[in-house]
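A quick write-up on the structure given underneath.
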2 protein chains.
Amino acid sequence: MSTDQTRHAILTAAERLCADNSFGDVTLRDIVAAANVNLAAINYHFGSKDALLAEIYIACSIALNRERLAALKIAEDAGQGRARPDEVLRALIEPLLRGCLDPDRQRSASSRFMIRASMESIPTFRRIKNKEVDHLRRFAEAMKRALPEREMADIYWGLHFALAMAHQTINDVERLTKLSDGACDLTDVEGITERIVATSVMTLTGDAQTERATAKAAARRKS
Amino acid sequence: MSTDQTRHAILTAAERLCADNSFGDVTLRDIVAAANVNLAAINYHFGSKDALLAEIYIACSIALNRERLAALKIAEDAGQGRARPDEVLRALIEPLLRGCLDPDRQRSASSRFMIRASMESIPTFRRIKNKEVDHLRRFAEAMKRALPEREMADIYWGLHFALAMAHQTINDVERLTKLSDGACDLTDVEGITERIVATSVMTLTGDAQTERATAKAAARRKS
DNA sequence: GTCTATAGAATGATAGAC
DNA sequence: GTCTATCATTCTATAGAC
């Protein structure tokens, strides 16, 4: 088995195992068993368990960001540098939703690894996660170009809520399926995406409406 | 030190430690050090680490559910058994938001423990988590009474999204603060609650509107 | 009930032969 | 580069003195 084969086998096995279990629960012995390589190979090729996880995280992160930015670029090019709000949102949330929920899951392990990584707080990842903020900022800027009259804080909240809905839908697949007794179809990626996009667009564009609702709710609350 | 004192010290210390660290990272030695009790005391009083965590989880869960249902009851009583949609949502999401984000955090550890527990997937917790579905169902029923014309699937999605936004806002406090450079005030519990409630109410009540937006977005997408 | 002491198992990492 | 063998550590859990 060549060097690259061993490296690749380890990366693939670790990615898949960590997509389904918490990082702490996945041991080096689990990984080498799944990859069919020797225990010492991990430390030889990657140095440590954390370094291995970091390499996977970076690879998945780059792939996800590339996919998102490609979709954003298409939307911006189509609008002469000014994408529609719904297209900005779709570019942000659809890749992960498709990767995690699409039945013919091609990028499944990679996407679920990212979801898992967003929950675990490994010190090694903190530095990498700061890059994620820069990535999000590009979507905030695109949304600001789409909605120039909107304040940045509202745009940040809108993007954050869209991500939150996508993210938690992936995490709570089981609960939502059980709660709705199957009425909510968690395999309908297109439908879910449009539901989240529609909600987010309403919040982002319905300025007067939202503010009125917010104010009214606050007023009611005090009474 | 009396029995109850030791038990209570362990529960408090474990709750606080697990609110800030993943369950796997919190060791029995960490807990006894924080509680100032002996290592063997945990197994004597609780039987095992998992049993201790389960007891904390159940206690926190009961407290949270009680708080939510009390708010729901007030809203339903005020409306002769039919609460307003925004009040149903507020009863659902405000307790956790306040517990986790309010500066004068009284129930902070308990609330953050619940957030943490919702991410960790300990086998022992699966049985308990099924109870959570029953709890959510009561809010779905209350929302159905508030919006009888709405289909149950839409109601489930609406409650799920509201919870998702609240939940992820708590989890992503750091990222959102950094992204917005302080423009999003993560200590303003009332403002955050109203933002989430307004968004969820729009999605839940703007039936024709939402459907039009969803259809339009889908149509645009295909073109 | 509380303590000390330790059993028993699992982990990440490495040294050294091939 | 790959393997075996093993180190050093850490953990939960428990037995038994007090």
Side-chain angles (χ1 to χ4, degrees), chain A residues 1-58 113 116-117 120-128, chain B residues 1-58 113 116-117 120-128:
Chain A
M1 197 183 277
S2 81
T3 303
D4 276 0
Q5 275 179 331
T6 300
R7 262 188 74 93
H8 184 258
I10 292 170
L11 286 169
T12 306
E15 181 182 85
R16 189 181 58 74
L17 286 169
C18 289
D20 297 322
N21 307 93
S22 102
F23 292 170
D25 290 347
V26 177
T27 70
L28 295 188
R29 285 166 177 79
D30 292 335
I31 298 171
V32 299
N36 220 345
V37 299
N38 186 270
L39 174 60
I42 290 183
N43 282 288
Y44 175 78
H45 285 285
F46 300 95
S48 72
K49 179 185 179 180
D50 274 8
L52 167 62
L53 294 182
E55 182 160 332
I56 296 172
Y57 183 69
I58 290 173
F113 181 95
R116 179 77 58 178
E120 312 258 345
S121 52
I122 290 184
T124 319
F125 286 15
R126 288 188 62 95
R127 194 168 33 87
I128 312 174
Chain B
M1 196 185 279
S2 81
T3 301
D4 275 359
Q5 275 179 331
T6 300
R7 263 188 72 95
H8 185 260
I10 292 171
L11 286 169
T12 306
E15 181 182 83
R16 190 181 57 74
L17 287 170
C18 289
D20 296 324
N21 305 95
S22 105
F23 292 170
D25 289 348
V26 177
T27 69
L28 296 187
R29 284 170 177 79
D30 293 335
I31 297 171
V32 297
N36 221 345
V37 300
N38 185 269
L39 174 60
I42 291 183
N43 282 290
Y44 175 79
H45 286 286
F46 300 95
S48 73
K49 179 184 177 180
D50 273 10
L52 166 62
L53 294 183
E55 180 159 334
I56 296 171
Y57 183 69
I58 290 172
F113 182 95
R116 178 77 58 180
E120 312 257 344
S121 53
I122 290 184
T124 319
F125 286 15
R126 290 188 61 95
R127 194 169 33 86
I128 312 173

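Keep in mind that this is a model prediction, so the values were computed, not measured.
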Atom pair distance, as rounded to whole Å: CZ in B:F46 and P in C:dT2: 11 Å
Quickly work out the A:L28 CG to D:dT9 P distance and round it to whole Å. 18 Å
Please examine the side chains of B:R116 and B:F23, heavy atoms only from C-beta on, and report whether any two atoms are closer than 4.5 Å. yes
Does C:dT2 have OP1 or OP2 under 4.0 Å away from a side-chain N or O of B:T6? yes
B:D20 meets the side-chain hydrogen bond (donor to acceptor under 3.5 Å, both in side chains) criterion, sequence neighbours left out, with B:R112
Can you give me the N/O atom pairs linking the protein to nucleotides 3-6 of chain D at distances under 3.5 Å, or say none if there are none?
unit_1	atom_1	unit_2	atom_2	d
D:dC3	OP2	A:N38	N	3.4
D:dT4	OP2	A:N38	ND2	3.1

Specify the separation, in whole Å, of atom CZ of A:F23 and atom C1' of C:dT11. 18 Å
Mind checking whether B:N38 and B:T6 have side chains closer than 4.5 Å, heavy atoms only? no
By the salt bridge (Lys or Arg N to Asp or Glu O under 4.0 Å) test, which pairs, at least two apart or in different chains, include something from residues 24-49 of chain A? none
Atom-to-atom span, CD1 of A:I42 to P of C:dT14 - whole angstrom: 13 Å
Would you mind reading off the distance between B:N43 atom CG and C:dT2 atom C1', rounded to a whole angstrom? 14 Å
Find the distance A:L53:CG to C:dT11:P and express it as a whole number of Å. 15 Å
Could you list the residues that satisfy side chain to side chain contact (heavy atoms under 4.5 Å, CB included) with B:D50, not counting sequence neighbours? B:S48, B:I122, B:T124
Contact nearer the 5' end of DNA chain C, comparing A:D30 with A:G47: A:D30
Starting from P on D:dA13, measure out to CD1 on B:I10 and report it in whole angstrom. 13 Å
Please enumerate all residues that pass side chain to side chain contact (heavy atoms under 4.5 Å, CB included) together with B:E55, with sequence neighbours excluded. B:R7, B:L11, B:F46
Looking only at the side chain of A:Y44 (C-beta and beyond, no hydrogens), which of the listed nucleotides D:dG1, C:dA13, C:dT2 gets closest? D:dG1
According to salt bridge (Lys or Arg N to Asp or Glu O under 4.0 Å), who are the partners of A:R127, at least two apart in sequence or on a separate chain? none
Please confirm whether the shortest side-chain N or O distance from B:T27 to OP1 or OP2 of D:dT10 is below 4.0 Å. no
Within this structure, what is the CD-to-P distance between B:Q5 and C:dT2, rounded to whole angstrom? 9 Å
